[in-house]
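Down below is the structure, laid out as structure tokens.
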Amino acid sequence: MANQDELFKKITSHCKEYGFIFQSSEIYDGLSATYDYGPYGVILKNNIKQYWWKSMVQMHENIVGIDAAIFMHPTTWKASGHVDAFNDPMVDNKDSKKRYRADVLIENYRDKIEAKINKEITKAKKRFGDAFDEEQFRATNPRVLANAEKMENISKRLATAMTHGDMEDLKAQIEEYGIACPDSGSKNWTEVRQFNLMFSTQLGAIAGEAGKLYLRPETAQGIFVNFLNVQKTTRQKLPFGIAQIGKAFRNEIVARQFIFRMREFEQMEMQFFVKPGEQKKWYEYWKDVRLKWHQALHNSENLRYHDHDNLAHYADAAVDIEFNFPFGFKELEGIHSRTDFDLSSHEKHSGKKLQYFDPEMNDNYVPYVVETSIGCDRMFLATISHAYTEEMVPDAKGGEAQRIVLKLNPALAPIKCAVLPLLKNKPELTEKARTIFNHLKMHFDCQYDEKDAIGRRYRRQDAIGTPYCITVDFDTLEDDTVTIRERDSLQQERISIDKIAEIVKKRTDITQLFV
Ligand code: ATP
């Protein structure tokens with residue numbers, strides 16, 4: 001774990017040092033859990049959004065996009081259940097004055113038991129070597145079995161307390177498990193209280209409750225209230241989906257893991273409207289499609305499904321796709337079967353029909369909804385954590401040197417290609433390199449760099465994940481060829497100038513990710 005903590009710190013400082021992410025309002029000592037994306041961060045984030053948007057909207061004839069306002073009529077949040085039920089259980093430690101989410105304290109306690117099981121398995125693997133059968137070991141080792149049972153009981157009790165909003169039992173669990181404040185070790189806790197996560201503000205000059213507005217805590221509601229507008233104007237038939245990318249705001253109780261949990265963040269959500277009774281089929285379909293979307297970028301062993309233990313008030317099935325972040329497996333995306341809860345509730349609160357006329361059945365009904373919801377910032381963190389690599393590579397003197405390289409998928413890399421004249425003080429080289437750069441920049445994000453020795457320039461490009469470096473040397477002046485260096489293999493090829501754009505475009509094209 002210490003190594004993983006160390007790794008996470010390195011990734012965080014790399015993001016800052018190389019212009020991916022800065023703390024918001026840093027000159028005023030920052031604002032907690034809010035971040036700004038820097039020059040490379042914004043391109044990487046846009047590329048992630050593009051990958052999502054194209055996979056969902058461009059690749060599905062029956063999915064269309066919208067961009068709804070952040071502010072919505074306040075009744076929206078009454079109808080959606082957010083005013084009454086969008087709470088997290090909060091608990092304070094009286095000695096350290098630190099605030100925590102009660103459910104997260106309990107989950108972390110359970111994770112420690114899981115870590116014990118994993119330690120036991122690692123030890124046994126070492127002892128038995130090739131003959132080790134993990135499945136059998138899990139099913140028979142008494143210590144593993146006892147801990148697994150413990151974990152299951154904790155999960156079940158936590159889920160029940162969360163489903164019923166039983167704050168007293170959450171407090172009782174914290175006490176029974178002897179959970180201490182991670183900061184001070186103190187077990188002196190306050191009662192557990194519900195805390196609403198929505199930020200509110202005031203509309204124009206209207207004072208009091210009448211002018212109270214919320215910053216949307218999810219983008220989904222903008223889609224639900226526009227369901228009929230979109231369906232009628234695009235003449236879509238069920239099943240069809242509406243996709244949206246946009247900001248969401250949550251007054252998170254604890255927000256400590258860099259961009260994993262922010263108070264202002266971005267979501268990429270898609271609501272898929274289906275005939276009642278068909279939700280199970282589409283839920284399975286989207287579970288599969290969304291996992292494949294992640295697998296196109298990340299190794300399968302870093303991804304897993306996690307079924308929800310306690311279902312939200314609107315859901316009849318829900319699963320998370322978890323990613324193996326440097327701090328362990330955590331939710332990256334949620335797939336929820338939301339029934340007809342949202343549309344029916346908006347019908348009730350607005351007095352307007354939100355029904356679909358089914359021409360085959362010659363009848364109207366409220367569709368069911370399967371949603372896929374992913375945090376763009378969490379996807380960014382997953383991508384950069386997966387890409388961050390420290391490795392030894394041959395250096396110019398025949399020895400070895402360490403390099404830090406972001407092995408980003410070329411389709412997501414912020415800069416696709418850098419053009420580097422071999423020497424800075426040779427105008428014939430720099431002019432030629434500039435001409436090449438001016439041509440390439442019309443095709444993709446590209447950089448020109450002439451400062452420092454060529455090796456250092458390669459390292460700078462490695463650190464921001466540039467997949468290709470083009471070197472212009474004296475041979476270029478003779479035969480119009482350049483060296484193209486590939487970031488991961490370090491292989492160099494000689495190619496003609498008029499082929500650069502085609503080669504780089506082909507190898508960095510986003511279409512290769514589509515599944
Ligand atoms: P968590 O359990 O981690 O609080 P959640 O279950 O409340 O997340 P959802 O409401 O399902 O999350 O939101 C969908 C997605 O939005 C999440 O999978 C996550 O990627 C992203 N997300 C939610 N809250 C935050 C946040 N505070 N900061 C960044 N991303 C977030």
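Computed from a predicted model, the values in this text were never measured in an experiment. Atoms within each ligand, like the ligands themselves, are counted from 1 in listed order.
- Annotation: cation-pi pair K45/Y37 present, NZ/CZ under 6.0 Å from the ring centroid and within 45° of its normal.
- A cation-pi arrangement is absent between R216 and F249, since the terminal nitrogen or guanidinium carbon is not both under 6.0 Å from the aromatic centre and inside a 45° cone about the axis.
- Residue E269 has no N or O atom closer than 3.5 Å to an N or O atom of ligand 1.
- Taking atom 8 (O) of ligand 1 as the reference point, the nearest protein heavy-atom neighbour is E331 OE1, 3.6 Å.
- Considering backbone and side-chain atoms alike, G375 places an N or O below 3.5 Å from some N or O of ligand 1.
- Of the heavy atoms in L332, only backbone atoms (N, CA, C, O) come closer than 4.0 Å to ligand 1.
- Of all the heavy atoms of R101, the ones lying under 4.0 Å from any atom of ligand 1 belong exclusively to the side chain.
- When F86, F323, F249, F260 are ranked by how near their heavy atoms come to atom 29 (C) of ligand 1, first place goes to F260.
- Here the heavy atom of the protein found nearest to atom 19 (C) of ligand 1 is R378 NH1, 3.4 Å.
- When only modelled atom types and interatomic distance are considered, T511 and D509 share a side-chain donor-acceptor pair under 3.5 Å.
- In K330, the NZ atom is crowded: over 12 heavy atoms of neighbouring residues, nucleotides or ligands sit closer than 6.0 Å.
- The nearest protein atom to atom 16 (O) of ligand 1, hydrogens excluded, is given as Q267 NE2, 3.4 Å; this is a heavy-atom distance.
- With a heavy-atom cut-off of 4.0 Å, R261 touches ligand 1 through backbone and side chain alike.
- Using a 4.0 Å cut-off between charged nitrogen and carboxylate oxygen, E390 and K10 count as a salt-bridge pair.
- Here the options are W286, F272, W53, the test is ring pair (Phe, Tyr, Trp, His ring centres under 6.0 Å), and the partner is H60; only W286 passes.
- Residue-ligand proximity, E252 to ligand 1, at heavy-atom distances under 4.0 Å covers atoms 24 (N), 26 (C), 27 (N).
- For atom 9 (P) of ligand 1, the nearest non-hydrogen atom from the set R250, E333, M379 comes from R250.
- The shortest N or O to N or O distance between M262 and ligand 1 is under 3.5 Å.
- Under 4.0 Å is where a charged nitrogen must lie from a carboxylate oxygen, and between R193 and D92 at least one such pair does.
- Taking a 6.0 Å sphere around NZ of K16, one finds it holds 12 or fewer heavy atoms contributed by other residues, nucleotides or ligands.
- Taking every heavy atom of H336 and a limit of under 4.0 angstrom, the matching atoms of ligand 1 come to 11 (O).
- Of all atoms in ligand 1, listed by their number and element, those nearer than 4.0 Å to a heavy atom of S373 are 13 (O), 14 (C), 15 (C), 18 (O).
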